[in-house]
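These notes are about the structure you will find just below.
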Amino acid sequence: MTGVERAAGQGAGAGPVLLGVRHHGPGSARAVRAALEQIRPRIVLIEGPPEADALIPLAADEEMRPPVALLAHAVDEPGRSAFWPLAGFSPEWVAIRWALEHDVPARFIDLPATHTLAWGRQEDEAGPERSPDAETAADGDTGSGPADPRIDPIGVLAETAGYDDPERWWEDVVEHRGAGEGDALAPFTALEEAMSALRETYGSGGHDRDPVREAYMRLQVRAAQREFEGGVAVVCGAWHVPALRRKTTVAADRSLLKGLPKVKADMTWVPWTHRRLSRASGYGAGIDSPGWYGHLFSAPDRPVERWLTKVAGLLRAEDRIVSSAHVIEAVRLAETLAAMRGRPLPGLSETTDAVRAVMCEGSDVPLELVRDRLVVGDVLGEVPSSAPAVPLQRDLTRLQRRLRLKPEALERELELDLRKENDAARSRLLHRLRLLGIAWGEPAASRGSTGTFRETWRLRWEPELAVRIAEAGVWGTTVLSAATARTEADAVTAQGLADVTALAEHCLLAELPDALPTVMRVLADRAALDTDVGHLAQALPALVRSLRYGDVRGTDTAALAEVAAGLAERVFVGLPPACAALDGDAAEEMRRHVDAVHGAVGLLGDAPAAGHGSLRNRWQSVLRVLSGRDTVPGVIRGRAVRLLLDDGELAQDEAALLMGLALSPGTPPQDAAAWIEGFVGGGSGGGMLLVHDERLLGLVDEWLTGVPASAFTDVLPLLRRTFSAYEPGVRRTLGELVRRGPGAGGGVTAVGSGTPGFAADLDTARADAVLPVVRLLLGLDDVDENTDNHLAGVTG
């Protein structure tokens, strides 16, 4: 029977018209629209979860903008979810829109999500967890993803036709043929014949769920046939068409559905992105080039010319020189390549080759930008506010609109000035969402001021965040109440002291005053019971940062300051004995703790200690103990000396003396090398210290040349790690100083030291050499003698 005969037979008792498609295929979408216009069915059945039937009318809402997805999640376990994405060029979306525009009923006929989600639970209990996206691969796509064991029918057909690229074969046989020319059902007939041959060879293609799903779909098609007396059109994955055409009994189909597991499920529409439609995202029913397919579907004519014009606009926006002549030449090249390759029209491969050769000058760097922005794309769909949503989602949407924080698929940076009320409110929202596990924004390093009043966030909205929001809905109906409840629960169940202090910090950042008392009570209890100095040292920096953040947010941090001071005192007492008799790895870890505590004490400033004096003075006393105790590993002793030197609590001569003692012949080479690592390594700017203090460099050089050959290979890895971390310019300067040697190259030798670079008096000749540069910087063209004298005094 031809397609025309089938269309003419749409009366009582006529069989259903099965329109087998490729999901997210623009050619299939055009063909579906043409077929529906030709056959004018009385009902349209679509592959998808039947729980979404009530959501179909929302597709006609003016606020609805594809790509979107149907999201199903288990009511009692919101993290268990599945998506059914639909783009503007998806055949299912076209079928829905046609039905709504022509006032024809539309229904979903795939296996209900209540069974699909329950199947996923059984798999989790039986083996490794599959991602929610992999669940969507069961929606009948003719492609297969990395987690999907089915064959790839498109790949098999392409290989049979002599193509090595399934995408190119599909473009040639489907995308490049005009829709609606002649019999609109002809392409579906041909595709059904091909799929029937594949099903005879491969059966269910290795996917055990397909027979069950197809049995359910056959039952729904039969019911529609009886209800509408024929006139039924079915839009489904082409792979399923032979199974739906097969004659089976109702009893046989129902027997396959007996005993299926169930969970209670909710369903709604959520925004989706073109990027998540690509296979690279992990979605099993994906496509390689959603942006390109969207262009093919929407371009009314001359798709190649329009595409290359779009590419030229993108490259111009990135400051690349691309003229209209480039576009004309690229079009000619693409058409020539298509003719040489025997293709009916230029496809993505031809246009890409033309762009690389003509617009990118053979470089793949700008071509990768074209692929990322256009071939894949960052289009983010929208759903109407009337779509079902958990209360937490509605509160978040309200806050996003009030704070003018629109979700976007393209990653962007957001600079916040916390002195401004709107920016402070944005910061609170993003921090609260992070506490709820909704990672819409990630903190980033600020490029400007490093003060506590400024924050930088990197924002990117991913469709999966809708699942995280549904999960977080169990904690409360608003972002504030949910974040408060989640933080209190996390504090009680936290495993370590550092986890609780991190929660205290986030609690202040998110401004959760109701949760802070619970967190502080747990923190005080944990701190009192924890005797591990390492844990205490890890906890202190987060508390001190919280005190600083509290200043700019106007939060009362008195209780936090009291706990921080108590932690600091316990660290001071326990650190020296904890640093004794450590192996290499433990010593390096303790060195990092010492750095963290030093930074925290510096932020605390001159806060009073429990006994007398300030915390800063108490800490400096601890550093002096660490620097001179032989039982302390060299890396910690060296770091203690360096910290005292940087704070001005240790004179240069004292530091040189301690270095000389540490590098004396009686010190084992390994311990001496560790001391050097602690003093000038670990990203502490030690390279510049050696550049500007040649006495210390001379001591290191003298020690290194005296290391016995038998021990040199043992200390070399540690020394290499120390000096390889320096900037290239610093390493080069150090090499020049060592090669020059004492007293060479115009260096000034210190009296009695034999080390170049230092003298008893100021070298006025070298100081005068900077005066022209200073005059240039200050814009002083005509400088009198008094000004010169004044500048000389300043530079001296």
Hey, are E442 and R434 close enough for a salt bridge, meaning a charged N less than 4.0 Å from a carboxylate O?
yes
What distance separates [X] [atom1] from [Y] [atom2], expressed to the nearest 0.5 Å?
| X | Y | atom1 | atom2 | value |
| --- | --- | --- | --- | --- |
| M64 | S386 | CE | OG | 8.0 Å |
| D395 | Q400 | CG | CD | 10.0 Å |
| Q220 | I46 | CD | CD1 | 13.5 Å |
| L111 | E214 | CG | CD | 11.0 Å |
| R401 | L399 | CZ | CG | 11.5 Å |
| W292 | K310 | CH2 | NZ | 9.5 Å |

Can you tell if the side chain of [X] reaches within under 4.5 Å of the side chain of [Y], non-hydrogen atoms only?
| X | Y | value |
| --- | --- | --- |
| L100 | I56 | yes |
| E455 | P443 | no |
| R454 | L418 | no |
| P91 | H23 | no |
| V355 | C360 | yes |
| V379 | P67 | yes |
| P153 | L198 | yes |
| V522 | V519 | no |

How close do [X] and [Y] get, counting heavy atoms only, and between which atoms?
| X | Y | result |
| --- | --- | --- |
| T487 | C507 | CG2-SG, 4.3 Å |
| I109 | M217 | O-CG, 3.2 Å |
| G88 | V94 | O-CG2, 4.1 Å |
| L414 | R426 | CD1-NH1, 3.7 Å |
| A483 | L512 | O-CD1, 3.8 Å |
| A87 | L277 | CB-CD1, 3.7 Å |

Worked verdict on D378 versus R373 for salt bridge (charged side-chain N to carboxylate O under 4.0 Å, His left out)
CA-CA 7 Å; D378 283 299; R373 299 281 184 84; 5.0 Å; no
Whether [X] side chain and [Y] backbone form a donor-acceptor pair below 3.5 Å:
| X | Y | answer |
| --- | --- | --- |
| S427 | D423 | no |
| E63 | S385 | yes |
| H73 | A82 | no |
| E51 | A113 | yes |
| R275 | W272 | no |
| T114 | V263 | yes |
| S28 | R22 | yes |

Can you find a side-chain donor-acceptor pair between [X] and [Y] that sits under 3.5 Å?
| X | Y | answer |
| --- | --- | --- |
| D210 | W239 | yes |
| E92 | H24 | no |
| Q393 | T397 | yes |
| T478 | S481 | yes |

Given salt bridge (charged side-chain N to carboxylate O under 4.0 Å, His left out), test R460 with E408 step by step and report yes or no.
CA-CA 6 Å; R460 182 168 186 167; E408 295 176 344; over 6 Å; no
For the pair R468 and E464, evaluate salt bridge (charged side-chain N to carboxylate O under 4.0 Å, His left out) and give the outcome as yes or no after the intermediate values.
CA-CA 7 Å; R468 305 285 84 80; E464 291 82 356; over 6 Å; no
Do D110 and Y216 pass the side-chain contact (heavy atoms from CB on, under 4.5 Å) test, and can you show the C-alpha distance, the side-chain angles, and the key distance before you say yes or no?
CA-CA 7 Å; D110 202 353; Y216 187 87; 5.9 Å; no
Pick out which of L503, V479, T484 makes a side chain to side chain contact (heavy atoms under 4.5 Å, CB included) with L435.
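Running side chain to side chain contact (heavy atoms under 4.5 Å, CB included) over L503, V479, T484 with L435 returns exactly one hit, L503.
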Stepwise ring-ring contact (aromatic ring centres under 6.0 Å, His included) check, W457 with H431
CA-CA 10 Å; W457 290 83; H431 281 294; 4.7 Å; yes
Tell me, with the steps shown, if E511 and R428 meet salt bridge (charged side-chain N to carboxylate O under 4.0 Å, His left out).
CA-CA 6 Å; E511 199 170 307; R428 289 193 295 270; 3.5 Å; yes
The test is side-chain contact (heavy atoms from CB on, under 4.5 Å); show your working for L70 and W269 and say whether it passes.
CA-CA 5 Å; L70 290 167; W269 289 106; 3.7 Å; yes
side-chain contact (heavy atoms from CB on, under 4.5 Å) between L459 and E411, intermediate numbers included
CA-CA 6 Å; L459 301 182; E411 184 177 285; over 6 Å; no
Stepwise side-chain contact (heavy atoms from CB on, under 4.5 Å) test for W98 and V44
CA-CA 9 Å; W98 186 92; V44 178; 4.2 Å; yes
